> 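Please read through the structure below; I'll follow up with questions.
Here the structure is a predicted model, which is why all the values come from computation and not from measurement.
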Amino acid sequence: MQETAEQYKQRLFSYVDANEALRSQAAAPKKLARLIRGIPRRRLMKPPAPGKWSIGEILAHLAECELVIGYRIRKILEESGTPIQAFDQDKWASAGNYAARDPRESLELFAALRKANLSLVKSLKPAQWKQFGLHAERGAEDIAKIVHLDAGHDINHIKQIERILGRAPK
């Protein structure tokens, strides 16, 4: 059974304390780089099972999600209460040809976008953290919640990559 939007949020929140979200986000690009260091491209591009994303596809997904997060935060800062569109990650993966993207280039893009987004959110005034958007599937989400969810999203995919590589912590 597929999890609900609320179950998804709670799972992501469980991966990292809200007070550690920015630190976790800042560490994610380097953690990902360490995970894939020395791994041949062929292995990075091999799906672990039929219908499952390869490490390369996960990295492309993270880069595009970071682009989306940055846009959403900027729209919320422009106008609190703005609608936030959901997107179908599998359609984006197909349309964006994630299966053919260079994993290391995807990681570089993710790192650059993350750096820009962290620079922005670290500059926010306390009241701006409470500005919110209305997500089509998850309801009202303020910037603090978006940052927390994004940190959990990173950890979710880092764990996924660790499992694919056989490095999942016991």
> What closest approach, in Å, do K145 and D142 show between heavy atoms, and which atom pair accounts for it?
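The pair with the smallest heavy-atom distance is N-OD1, 2.7 Å.
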> Give the minimum heavy-atom separation between L62 and H157, together with the two atoms involved.
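Looks like CD2-CD2, 3.9 Å.
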> If you count every heavy atom of other residues, nucleotides or ligands that lies below 6.0 Å from R74 atom CZ, does the total exceed 12?
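More than 12 heavy atoms, drawn from other residues, nucleotides or ligands, come within 6.0 Å of this atom.
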> Of all the heavy-atom pairs spanning A28 and D154, show the shortest one and how long it is.
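So the minimum-distance heavy-atom pair works out to CB-OD2, 3.4 Å.
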> Less than 6.0 Å separating the ring centroids of H153 and H61?
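Yes, they do, as the ring centres are separated by less than 6.0 Å.
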> Is there a side-chain contact between L134 and T82 (heavy atoms, below 4.5 Å)?
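Of all side-chain heavy-atom pairs linking T82 with L134, none is under 4.5 Å.
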> To the nearest 0.5 Å, what is the distance between CZ on R101 and CD on E64?
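If we round to the nearest 0.5 Å, R101:CZ and E64:CD are 4.0 Å apart.
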> Compare every heavy atom of L118 with every heavy atom of A26, then report the nearest pair and how far apart it is.
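For A26 versus L118, the nearest heavy atoms are CA-CD1, 3.6 Å.
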> Under the criterion side-chain contact (heavy atoms from CB on, under 4.5 Å), which of E137, Q2, E3 is the partner of Y8?
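Only match with Y8 under side-chain contact (heavy atoms from CB on, under 4.5 Å): E3.
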> Rounded to the nearest 0.5 Å, how far does CG of L32 lie from OG of S106?
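So the gap between those two atoms works out to 11.0 Å.
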> So, taking the atom named CG in N117 and the one named OH in Y71, what distance separates them when rounded to the nearest 0.5 Å?
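Answer rounded to 0.5 Å: 13.5 Å.
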> State, to 0.1 Å, how close P103 and R41 come at their nearest heavy-atom pair, and which atoms those are.
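Smallest interatomic distance, heavy atoms only, reads CD-NH1, 4.1 Å.
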